[in-house]
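Lettering of chains follows the sequences in order, A, B, ..., and the numbering in each one begins at 1.
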Amino acid sequence: MGEDGTIEHPSSTLTHLQRLEAESIHIMREVVAECENPVMLYSVGKDSSVLLHLARKAFHPSPPPFPLLHVDTTWKFQDMYELRDRAAAQAGMELLVHHNPEAKARGINPFDHGSLHTDMWKTEGLKQAMDKYQFDAAFGGARRDEEKSRAKERIFSFRTATHRWDPKNQRPELWNLYNANKAKGESIRVFPISNWTELDLWQYIQLEGIDIVPLYFAAPRPTVERDGQLLMVDDERFRFLPEEEPVTRSIRFRTLGCYPLTGAIESEAATLSEVIQEMLLTTTSERQGRVIDHDAGAGSMEKKKQEGYF
Amino acid sequence: MTEDVRNSVYEADRLIAEDIDAYLEQHQHKSLLRFITCGSVDDGKSTLIGRLLYDSKLIFEDQLAELEADSKRVGTQGQDSDLALLVDGLVAEREQGITIDVAYRFFATEKRKFIVADTPGHEQYTRNMVTGASTADVAVILVDARKGVLTQTRRHSYLAQLMGVRHIVLAVNKMDLVGYNRAIFDAIVAEYTEFAESIDLTDVTAIPISALAGDNVAARSDNTPWYEGLALIPVLESVQVGDAFDHGAAFRMPVQWVNRPSHDFRGFAGLIASGSVGVGDPVRILPSGRTSTVARIVTFDGDLDRGLAGQSVTITLTEEEDCSRGDVIAAADDSPAVSDGFEVMLVWMAEEPMLPGRPYWLKIGTQTVTATIQSPKYQVDVNTMEQQPAKTLSLNAIGVANLSTDRSIVFEPYRKDPALGGFVLMDKLTNTTVAAGMLHFALRRAENVHWQAIEVSRDAHAQQKNQRPKVVWFTGLSGSGKSTIANLVEKRLHALGKHCFLLDGDNIRHGLNKDLGFTDADRVENIRRVGEVAKLLTDAGLIAIAAFISPFEAERIMLRDMMEPGEFVEIHVDTTLAEAERRDVKGLYAKARAGKLPNFTGVDSPYEPPANPDLRIDTIATTPEDAAATIVDLILQDR
């Protein structure tokens with residue numbers, strides 16, 4: 001690592017992180033050159049933070065020539081809202097925040113509505129925002145190593161005018177040639193960090209000094225243990241069951257979403273090195289903290305993707 | 001066994017636990033190798049990848065638990081874990097027990113990070129293997145020790161060679177099922193080597209393995225003491241990754257995007273495809289051929305002195321040169337050629353066969369042009385490698401043809417530089433990627449002009465115009481706004497690059513139909529003639545726009561029947577008689593009411609509103625501009 005924290009190029013062969021970075025930047029530039037109205041989906045997780053950082057690199061010295069879109073549920077952690085606003089301002093980008101008006105009107109929330117909450121606020125909210133702003137391309141931070149159905153998804157992944165994904169009808173992607181042609185109303189989800197692994201991301205965050213939500217690092221926080229998951233009491237809307245009391249535990253999060261739906265792990269890992277160490281030594285995969293993958297058995301994520309979940 | 005192998009080969013665990021920073025330092029300097037695995041359905045390919053992930057500790061406990069549950073439900077290993085299920089992702093294929101698409105997997109060892117393209121083995125999916133091979137440094141070809149070299153083995157080897165994969169690993173799998181018998185292994189290797197040499201594959205490493213048992217995957221196995229070579233992972237760790245600039249390749253960078261944050265900065269953004277470039281180097285911009293000098297190599301992390309192949313950079317030049325997306329910046333004294341006619345190798349990837357003479361989009365580097373292909377010179381039987389005559393190429397066919405582009409492109413032969421020699425073809429109507437291609441060489445001018453006669457069909461006319469012919473028929477009362485909206489529709493279509501022509505009452509009645517009056521019989525003949533003209537326009541591939549009162553339902557049904565199915569779009573411009581009469585732009589209603597215009601629709605001749613128009617425009621609630629936009633959407637959405 002260089003003294004200024006950037007990746008050096010000491011030998012004639014690029015490291016895998018240098019290659020991945022160059023590939024992601026190439027993908028982002030292709031989209032900007034070939035699509036009319038791109039947007040970057042920004043969920044404030046570490047993947048989003050890396051994506052935003054790569055976008056700043058790809059278009060430097062210009063700011064990234066597209067807005068950030070946060071499809072919000074109003075139930076994210078407070079720390080996430082703070083980083084979101086700060087990161088958008090630093091990058092000099094417009095930040096669009098979409099709230100599904102129907103979910104708002106019906107008071108859909110994670111305590112009463114379970115998976116309907118995710119469906120209305122996130123899946124429907126994203127479709128609404130795509131339609132409202134007429135975006136024809138949306139960058140997302142999905143990676144192929146996250147989940148089995150994602151291992152087969154293309155970097156340029158097409159959605160019909162009704163936002164559906166057809167895994168049987170994907171365009172072949174050869175070399176680094178991406179076909180961005182599409183009919184009116186169709187859109188593309190583009191995944192520039194498809195080929196990164198979780199370790200690559202963490203290491204890149206460390207090498208590049210990328211700002212991430214502090215919740216990834218262990219600290220004493222008020223928690224409740226429920227159904228085998230550790231939930232954090234992030235604000236006064238948290239609903240306690242009878243006889244539940246917040247208990248202060250040293251916890252951190254491996255993924256971030258709506259705070260009542262995101263399980264924490266007990267941890268003392270307070271630095272990036274310690275977080276990476278814990279990640280490498282741990283024995284459960286990253287998405288386990290999210291309830292969503294498990295609620296319909298085999299193929300659950302694939303089904304959600306076909307329906308338009310990001 | 002697995003546990004031992006893991007610990008003996010990977011000390012990573014210990015290092016992670018004891019000195020995470022040292023581990024990260026080591027991981028940071030790993031290089032990247034991309035490889036593909038190819039084999040027939042039962043060669044154990046998915047099991048091998050599952051094994052690689054498992055041995056490199058990329059399988060977590062919850063995934064193992066899921067794997068065990070899945071193995072009992074749909075697995076093929078009885079009560080044992082079926083490693084193949086780790087990689088067979090999509091629900092359908094898990095149930096069929098086969099892999100049907102390209103999947104990408106990741107693992108790392110102490111020395112390297114690997115990206116594995118898992119590509120299917122059966123015949124109808126040639127395109128997937130070609131896709132996976134396009135980015136691979138190495139092909140691992142699996143052979144079942146019990147079956148030996150099969151037709152599929154030859155096919156996969158040929159495809160790897162075709163796509164320019166330089167290193168082949170022949171993994172003779174399931175050695176446990178043949179008692180780790182050396183003679184069987186040697187015979188397979190001998191047969192394969194002879195075949196490989198016949199197709200110019202010279203860099204072949206053969207390894208006896210068992211993906212299921214783990215023999216010779218991570219480390220040498222005690223079960224094959226007679227094998228003296230390296231295990232699979234050490235082989236993959238030691239293959240030389242050919243960075244293009246290592247071989248003294250000349251500098252080339254296709255320009256992706258022009259970065260202009262302000263009037264005093266103009267940078268050309270791109271991924272360096274080959275070679276390297278330094279500040280002060282003379283460069284040539286192609287296809288224009290003008291020369292300039294590199295002023296800066298800009299990155300977010302500060303300017304570089306040199307940019308290397310594989311890096312994404314932004315270059316500024318000392319002179320204000322005209323340079324845009326699609327151009328290639330290259331070493332001034334060693335720049336690529338420019339041409340518009342080529343001999344190419346094509347791999348057809350679409351259900352719809354190749355159509356000689358049809359224009360396709362061709363994307364090569366960052367250049368997108370229109371290309372047309374001549375009938376193939378021959379196609380290659382992937383099983384026997386024999387050349388066969390062919391008139392077209394269908395799904396998964398591979399063939400050689402001449403191709404011409406509508407403007408000159410910057411290129412290199414694929415063998416020399418895949419970044420400027422590999423291309424894709426895209427259908428102009430469906431937008432799908434229909435073929436992958438590799439440029440062999442540019443044709444001399446003389447060779448390029450001999451085009452076979454191609455029948456210019458109705459479809460050919462439409463294809464050339466990149467549109468579907470239509471008759472957009474406006475019906476409605478006089479003064480309803482038909483012509484106003486029809487004019488706007490024509491303007492919008494024209495602006496979108498569509499080829500269209502407006503027929504309206506006035507221009508037709510003054511010429512073609514000046515012999516006709518306004519009796520019911522003449523009205524019918526008027527519409528019939530307009531219909532015939534509109535039909536001819538669609539035969540020529542045009543979008544015909546017709547604005548006529550056309551008051552009778554029967555004639556409009558006749559019109560619909562005259563046209564090809566789906567090509568007639570009926571638009572009812574709907575307004576009340578009172579409103580039309582109030583507007584009376586041409587003063588016709590006043591004349592009719594005064595008895596000076598007999599048979600005037602709405603006054604003394606009936607108007608039959610369409611029962612089921614494709615679109616009804618309410619001219620009171622809708623502006624003409626909004627109506628035109630809706631109509632254009634309707635015409636273009638139906639592709």
Side-chain angles (χ1 to χ4, degrees), chain A residues 1 4 6-7 9 12-19 21-22 25-26 29-30 32-33 56-62 144-145 148-149 151-152 167 170-177 179 181-185 194-195 197 199 203 206-207 273-274 276-277 280-285 288 298-299 302, chain B residues 16-17 20-21 24 27-32 60-63 70 89-91 101-106 113 115 127 130-131 134-135 241 243 245-246 256-257 259 261 265 269 271 298-301 308 310-312 314 325 349 361 363 418-419 422-424 426 431-433 436 633 636-637 639:
Chain A
M1 190 164 90
D4 54 355
T6 62
I7 305 172
H9 303 111
S12 62
T13 300
L14 302 181
T15 67
H16 70 285
L17 282 175
Q18 290 165 343
R19 285 201 176 277
E21 178 192 79
I25 288 173
H26 174 261
R29 289 169 171 174
E30 282 300 287
V32 163
R56 295 178 69 186
K57 285 198 163 193
F59 303 101
H60 174 82
S62 297
R144 285 167 172 161
D145 80 328
K148 272 186 266 187
S149 78
K152 309 207 164 185
Q170 301 198 78
R171 295 175 181 177
E173 280 177 353
L174 293 104
W175 302 289
N176 60 4
L177 298 176
N179 172 358
N181 297 343
K182 59 202 170 303
K184 203 171 156 52
S194 282
N195 288 329
T197 62
L199 176 59
Q203 187 146 32
Q206 186 177 44
L207 290 171
S273 289
E274 286 165 2
I276 297 172
Q277 184 176 38
L280 289 170
L281 295 177
T282 196
T283 51
T284 50
S285 69
Q288 205 202 20
E302 188 182 336
Chain B
I16 291 165
I20 180 66
D21 291 325
L24 290 175
H27 184 73
Q28 186 196 327
H29 291 106
K30 288 173 186 172
S31 57
L32 178 67
F60 294 106
E61 256 177 24
D62 57 328
Q63 289 174 315
D70 284 356
L90 300 184
V91 177
D101 205 333
V102 193
Y104 296 89
R105 297 285 158 191
F106 309 86
K113 171 177 163 152
I115 299 180
R127 68 169 178 182
V130 165
T131 302
S134 71
T135 51
V241 184
D243 285 325
F245 56 88
D246 283 345
Q256 286 188 278
W257 186 70
N259 194 338
F265 186 94
L271 178 69
V298 179
T299 76
F300 183 83
D301 305 309
L308 307 177
Q311 286 183 309
S312 282
T314 300
R325 175 172 172 84
M349 299 187 155
W361 291 121
K363 185 170 182 183
F423 63 88
V424 292
M426 299 167 287
N431 294 320
T432 51
T433 302
D633 280 352
L636 298 184
Q637 76 172 217
R639 306 177 70 97

Any chance you could lay out the side chain to side chain contact (heavy atoms under 4.5 Å, CB included) test for A/Lys184 and B/Asp633, step after step, and finish with the verdict? CA-CA 8 Å; A/Lys184 203 171 156 52; B/Asp633 280 352; 2.6 Å; yes
Stepwise side-chain hydrogen bond (donor to acceptor under 3.5 Å, both in side chains) check, A/Glu30 with B/Gln256: CA-CA 7 Å; A/Glu30 282 300 287; B/Gln256 286 188 278; 2.8 Å; yes
Report the residues that fulfil side chain to side chain donor-acceptor pair (under 3.5 Å) with A/Asn181, sequence neighbours left out, ordered by chain and then residue number. none
Largest heavy-atom contact set with chain B, pairs under 4.5 Å, which of A/Glu274, A/Gln277, A/Glu173, A/Arg56: A/Gln277
Interatomic spacing from CD1 in B/Ile20 to OG in A/Ser273 - rounded to 0.5 Å: 6.5 Å
For the pair A/His16 and B/Ile115, evaluate side chain to side chain contact (heavy atoms under 4.5 Å, CB included) and give the outcome as yes or no after the intermediate values. CA-CA 10 Å; A/His16 70 285; B/Ile115 299 180; over 6 Å; no
Find out whether B/Lys113 and A/Thr197 are in side-chain contact, i.e. whether some heavy atom of one side chain is under 4.5 Å from a heavy atom of the other. yes
Please rank A/Ile276, A/Leu199, A/Leu174 by heavy-atom pairs under 4.5 Å with chain B and give me the top one. A/Leu174
Qualifying residues under ring pair (Phe, Tyr, Trp, His ring centres under 6.0 Å), relative to B/Phe265, sequence neighbours excluded: none
Which heavy atom of B/Ser312 sits nearest a heavy atom of A/Ala22, and at what distance? OG-O, 2.8 Å
Straight-line distance of B/Phe423 CZ to A/Trp175 CH2, nearest 0.5 Å: 7.5 Å
How long is the gap from CG on B/Leu32 to CG on A/Leu14, to the nearest 0.5 Å? 10.0 Å
Rounded to the nearest 0.5 Å, what's the gap from OG1 on B/Thr314 to NZ on A/Lys57? Could you check? 12.0 Å
Go through the atoms of B/Val424 and report whether side chain, backbone, both or neither lie under 4.5 Å from a heavy atom of chain A. both
Let me know if A/Gln203 has heavy atoms under 4.5 Å from chain B in its side chain, its backbone, both or neither. side chain
For a quick test of reading the model, state the closest non-hydrogen atom pair linking B/Trp257 to A/Val32 and the distance between them. NE1-CG1, 3.3 Å
For the CG atom of A/Asn195 and the CZ atom of B/Arg105, what is their distance to the nearest 0.5 Å? 12.0 Å
CZ on A/Arg19 to CG on B/Leu271, rounded to 0.5 Å: 9.0 Å
Donor-acceptor check, side chain of A/Arg171 to backbone of B/Asn431, threshold 3.5 angstrom: yes or no? yes
Chain A contact via B/Thr299 - which portion, at a heavy-atom distance below 4.5 Å: backbone
Is chain A contacted by the side chain of B/Leu24, its backbone, both, or neither, given a heavy-atom distance below 4.5 Å? both
Side chains of A/Leu177 and B/Met426 in contact at under 4.5 Å (non-hydrogen atoms): no
